[in-house]
Asks: 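Before I ask anything, let me first share the structure, which is written out below as structure tokens.
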Amino acid sequence: MSSGAEFEAPSVQSMLGEAIRAFQGGGGGGGGSAADLRSHRIAVNRASVEGDVWCRRGFLGQLFLPVLGAQTVAEVVRESREAAGKLEVLGMASNVAVELDQADSGGVNVRLLCERAKRYRLRTGVDVGNDEGMASVAGRMSNIWGGGETAEATFSRGSKTQSSFLGTLTAPVGTDPLTQVELRAAQAVLNARPYSAHDEVSRSLSAAYRAVKLAGWQHQLRYLAEWREICNLGAAASPTLRAEAGHTLKSSVEYTFTYDDRDSTTVPTSGTLAKATAEVAGLFGGDVRFAKARAELQTNQRLGASEWIVATGAQGGLLWNLDGPRGRSSLADRFFLGGLTTVRGFEYRGIGPRDRNDSIGGDVFYAVGASLLTPLPYVTTDALKGHLWANAGQLALLDDRGLLRTPRDSSGGRTRGLADEIRRFFMQPSVAVGVGLVYRQSIVRVELSCGLPLVAATTDRPKAGLQFGLGVQFL
Amino acid sequence: MATAEAPLREILKSISFTQLPLRRIEPFFEAEPIAVPRLHIYGAGPAASEGSSLATFDVECLRVLAVLRFAGYRFDIAHTTEPNASPDGRLPYLVLPDGTALSGGEIAAHLERTGQGLPPCPLDGELAYRTMVERCLAPAAEYLAWVDPVGFEAVGDARYLGGYPAVVRCALGWVRSLRAAAAVRAGLPEYGAVLDSEVVAENALRTLDSLLMLLGDGEYLAGAPSLLDAHAAACINVLLEAPLKSPLRSALLAPDSKYTPLVEYGLRVAERHLGT
């Protein structure tokens with residue numbers, strides 16, 4: 001998950017107390033109230049950083065520009081506190097204290113007293129993604145060039161991702177930790193067995209611009225160059241999967257918009273998540289050309305003042321090949337559906353096009369879900385809840401093997417037109433319902449569900465009975 | 001039925017809902033059926049054969065094609081340039097109607113299992129001749145396509161890698177070239193790490209001399225189509241068809257070349273068994 005930079009809003013009241021004491025001690029405003037002092041006009045004479053910290057001169061200039069431009073005591077306190085917070089969030093210093101001293105020439109001097117921050121970090125651990133656990137080793141170097149830049153390298157190995165290397169270089173835009181540019185190099189080997197008999201090797205370079213707003217908005221614009229290889233098919237792979245084997249080079253521009261005001265990302269009890277991604281490939285080279293869009297909406301609502309939570313979610317996506325009516329999308333770009341984090345009651349990648357034992361993926365999909373989280377008797381913690389759910393979804397290809405094919409009856413006659421097939425796609429989803437338990441463990445959501453598939457295509461892989469999973473994002 | 005000894009097991013069974021109805025609907029996908037076994041070989045298809053009548057420009061693909069044609073096995077041909085689709089990552093591979101894919105020695109084993117294998121070769125020492133072709137003649141074609149700079153540009157890069165984007169093409173070409181050089185060198189350990197085109201050509205010409213003597217006035221090397229003919233004819237045709245001048249090609253096609261009967265043999269086998 002990306003670590004959108006966050007810092008606390010400045011505590012104006014505590015700093016005002018210090019300012020009052022300073023001014024009263026210097027005879028600058030004896031007997032005045034905090035409210036009067038808040039709007040007292042003042043000039044910042046000098047701003048400095050002291051302690052074991054390294055800052056580029058240009059960075060410092062940008063950092064203190066708002067401080068030097070503050071015109072009231074409240075503004076000075078607020079901007080100073082914000083500057084201190086930025087140093088901490090960017091990993092340039094720790095425990096930054098703000099001191100305001102009366103200057104000889106009138107006005108005030110602002111000093112940021114910094115303690116050394118850990119510049120090098122080595123971390124080992126276990127990470128959890130959707131339907132996957134990974135062990136990883138990560139090294140991180142902060143404040144590389146005195147402007148809050150961070151370099152990180154991560155090696156990991158997981159249940160699905162056989163091996164993965166990720167190297168990132170992140171830098172704030174100006175001094176704002178919530179606006180970043182990122183360069184990334186990555187290589188991963190994904191083992192798709194037993195859902196699809198192949199490995200997928202991905203080697204990529206990307207450059208991204210990311211902006212996070214405190215009101216829950218996040219924008220990201222990214223350019224990605226990725227070399228994908230479908231390989232190691234083995235003898236059991238289906239002929240359809242064999243036709244997907246090989247190398248493709250994707251050069252794409254992607255924009256992602258996210259609005260998230262939920263109170264929790266794993267087991268939210270209130271708030272809304274809205275996320276939309278648009279990607280266009282082939283503009284700057286590469287041998288795949290497509291336009292791809294994906295959207296997700298999730299709402300969470302508490303019923304009155306009770307502990308009962310109603311959650312609804314919807315996802316949808318479209319991959320449109322730009323190589324003409326005969327073009328087929330690449331397996332590496334398609335959507336997959338099914339599993340505990342998408343449509344429960346089905347195996348992972350258990351919905352949609354399938355040839356023998358291989359999930360082929362699709363170009364268009366939708367999934368909807370409704371959940372009711374309930375309190376449990378005799379359970380005092382709100383991390384464990386009962387869970388009633390209903391999920392539905394469908395996935396199909398947009399080529400002559402999928403929605404654009406002409407189904408024929410046993411005598412070879414045409415049975416359905418395109419319009420009928422599209423109508424059937426939306427009116428006949430694969431459906432499952434179930435009950436279970438949900439547990440919120442730190443940044444992970446753990447679910448134990450007993451599912452009952454109600455409707456499934458003959459090639460789907462419904463999974464009736466107990467399903468256990470952990471992840472971050474669920475439908 | 002639940003028992004005192006295994007109540008938990010029975011409870012878990014009842015949770016599986018195996019007895020409850022599930023409505024099945026028609027899927028939104030139809031896989032392409034395979035009615036006839038399909039052999040996937042290198043090539044961009046008949047339309048891009050550059051005037052050649054050969055089904056493919058690759059030695060191993062031609063060899064397997066010849067074996068299947070000698071055996072009278074009924075199959076279709078599909079052209080591809082993607083070896084990742086094969087079970088062992090190398091072309092050719094054969095896909096059966098049930099979806100099973102066979103590659104390498106599995107194809108010959110499949111012919112034996114279905115009773116369509118080639119009859120035993122009457123030639124004494126056929127294995128020795130095959131080893132000679134495998135060790136000295138086939139590496140010449142491999143060297144020409146992947147190690148020789150001019151050959152790499154005309155054959156390896158243009159034919160095998162032509163369908164890839166430039167970045168992928170460069171990376172794969174470099175890796176493939178290193179592997180081919182190592183494989184050719186490994187087959188000739190007496191030369192150690194040093195190997196040049198003259199050594200490769202000299203070994204190939206010695207092998208051609210032996211094959212020429214073996215052929216004599218016959219139509220096939222072993223009297224009838226055999227595994228030796230499949231491999232030898234594949235190598236000879238690839239060397240003849242390569243779109244560049246090479247010492248071997250010049251020796252084979254010289255006006256008064258002693259290898260003329262061998263060239264005619266190769267073209268004869270190609271015309272009968274190695275076309276599209």
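Heavy-atom basis, side chains included; hydrogens, waters and symmetry copies ignored. Numbers restart at 1 for each chain; the letters A, B, ... are given by sequence-line order, proteins then strands.
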Asks: Counting only pairs under 3.5 Å, give me each side-chain donor-acceptor contact of residues 110-118 of chain B, with atom names and distances, residues two or more places apart or in other chains.
Replies:
unit_1   : atom_1 : unit_2   : atom_2 : d
B:His110 : NE2    : B:Tyr73  : OH     : 2.9
B:Thr114 : OG1    : B:His110 : O      : 2.9
B:Thr114 : OG1    : B:Leu111 : O      : 3.2
B:Thr114 : OG1    : B:Gln116 : OE1    : 3.2

Asks: Tell me, which pairs form a salt bridge (charged side-chain N to carboxylate O under 4.0 Å, His left out) where one or both residues lie in residues 60-71 of chain B, sequence neighbours left out?
Replies: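 For residues 60-71 of chain B, and leaving out neighbouring residues, the salt bridge (charged side-chain N to carboxylate O under 4.0 Å, His left out) pairs sorted by first residue read B:Glu60-B:Arg63.
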
Asks: Does any pair with a residue in residues 142-155 of chain B pass salt bridge (charged side-chain N to carboxylate O under 4.0 Å, His left out), and if so which ones, sequence neighbours excluded?
Replies: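 Applying salt bridge (charged side-chain N to carboxylate O under 4.0 Å, His left out) to every pair that reaches into residues 142-155 of chain B, excluding sequence neighbours, yields nothing.
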
Asks: Hey, are the side chains of A:Pro462 and B:Leu22 touching, using non-hydrogen atoms and a 4.5 Å cut-off?
Replies: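 Side chain of A:Pro462 against side chain of B:Leu22, heavy atoms only: contact under 4.5 Å found.
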
Asks: If I measure from the heavy atoms of chain B, does A:Ile230 come under 4.5 Å with its side chain, its backbone, both, or neither?
Replies: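 A:Ile230 touches chain B through backbone heavy atoms alone.
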
Asks: Measuring from B:Arg23:CZ to A:Ser430:OG, what's the distance to the nearest 0.5 Å?
Replies: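 It comes to 10.0 Å.
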
Asks: Relative to B:Phe29, does A:Arg354 satisfy both conditions: NZ or CZ under 6.0 angstrom from the six-membered ring centre, and within 45 degrees of the ring's axis?
Replies: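 No; the conditions do not both hold, so A:Arg354 does not lie above the ring face of B:Phe29.
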
Asks: If I measure from the heavy atoms of chain B, does A:Ala235 come under 4.5 Å with its side chain, its backbone, both, or neither?
Replies: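 Both backbone and side chain.
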
Asks: Evaluate whether atom CG of A:Asn357 has more than 12 neighbouring non-hydrogen atoms of other residues, nucleotides or ligands under 6.0 angstrom away.
Replies: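 No.
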
Asks: With B:Phe28, which of A:Leu403, A:Ile422, A:Thr459 fulfils side chain to side chain contact (heavy atoms under 4.5 Å, CB included)?
Replies: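 Answer after filtering A:Leu403, A:Ile422, A:Thr459: A:Leu403.
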
Asks: For A:Arg356 versus B:Pro97, what's the shortest heavy-atom pair and its separation?
Replies: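 In terms of heavy atoms, the two residues are closest at NH2-O, 3.7 Å.
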
Asks: Is there side-chain contact between B:Asn84 and A:His247, with at least one heavy-atom pair below 4.5 Å?
Replies: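 Heavy-atom side-chain distance check passes, below 4.5 Å.
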
Asks: Contact part of B:Ile34 toward chain A, heavy-atom cut-off under 4.5 Å: side chain, backbone, both or neither?
Replies: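 Contact with chain A involves the side chain of B:Ile34 alone.
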
Asks: Can you name the residues of residues 162-174 of chain B that have some heavy atom under 4.5 Å away from a heavy atom in chain A?
Replies: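 Result: B:Tyr164, B:Pro165, B:Val167, B:Val168, B:Ala171, B:Leu172.
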
Asks: If every non-hydrogen atom of B:Glu26 is compared with every non-hydrogen atom of A:Arg424, which pair is closest and at what distance?
Replies: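 Minimum heavy-atom separation between B:Glu26 and A:Arg424: O-NH1, 2.9 Å.
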
Asks: Quick one: what part of B:Ser86 sits under 4.5 Å from any heavy atom of chain A, side chain, backbone, both or neither?
Replies: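 Backbone only.
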
Asks: Does atom CZ of B:Arg24 have more than 12 heavy-atom neighbours from other groups under 6.0 Å away?
Replies: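 Atom CZ in B:Arg24 is packed in, count exceeds 12.
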
Asks: From B:Glu32 CD over to A:Asp400 CG, what is the distance, rounded to the nearest 0.5 angstrom?
Replies: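 Going from the CD atom of B:Glu32 to the CG atom of A:Asp400 covers 9.0 Å.
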
Asks: Just so I understand: if I count every heavy-atom pair under 4.5 Å between each of B:Ala78, B:Gly99, B:Pro27, B:Ala101 and chain A, which residue has the most?
Replies: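 Ranked by contacts with chain A, first place is B:Pro27.
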
Asks: Could you tell me which portion of A:Glu229 (side chain, backbone, both or neither) has an atom closer than 4.5 angstrom to a non-hydrogen atom of chain B?
Replies: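 The answer is the side chain of A:Glu229.
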
Asks: Closest approach of B:Ala31 and A:Thr240, non-hydrogen atoms and distance?
Replies: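 Minimum heavy-atom separation between B:Ala31 and A:Thr240: CB-OG1, 3.8 Å.
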
Asks: Which atoms form the tightest heavy-atom contact between A:Gln394 and B:Ile25, and what is the distance?
Replies: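 The answer is NE2-CD1, 4.0 Å.
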
Asks: Picking from A:Asp355, A:Leu233, A:Leu454, which has the most non-hydrogen pairs under 4.5 angstrom with chain B?
Replies: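 Of the candidates given, the most pairs with chain B belong to A:Leu454.
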
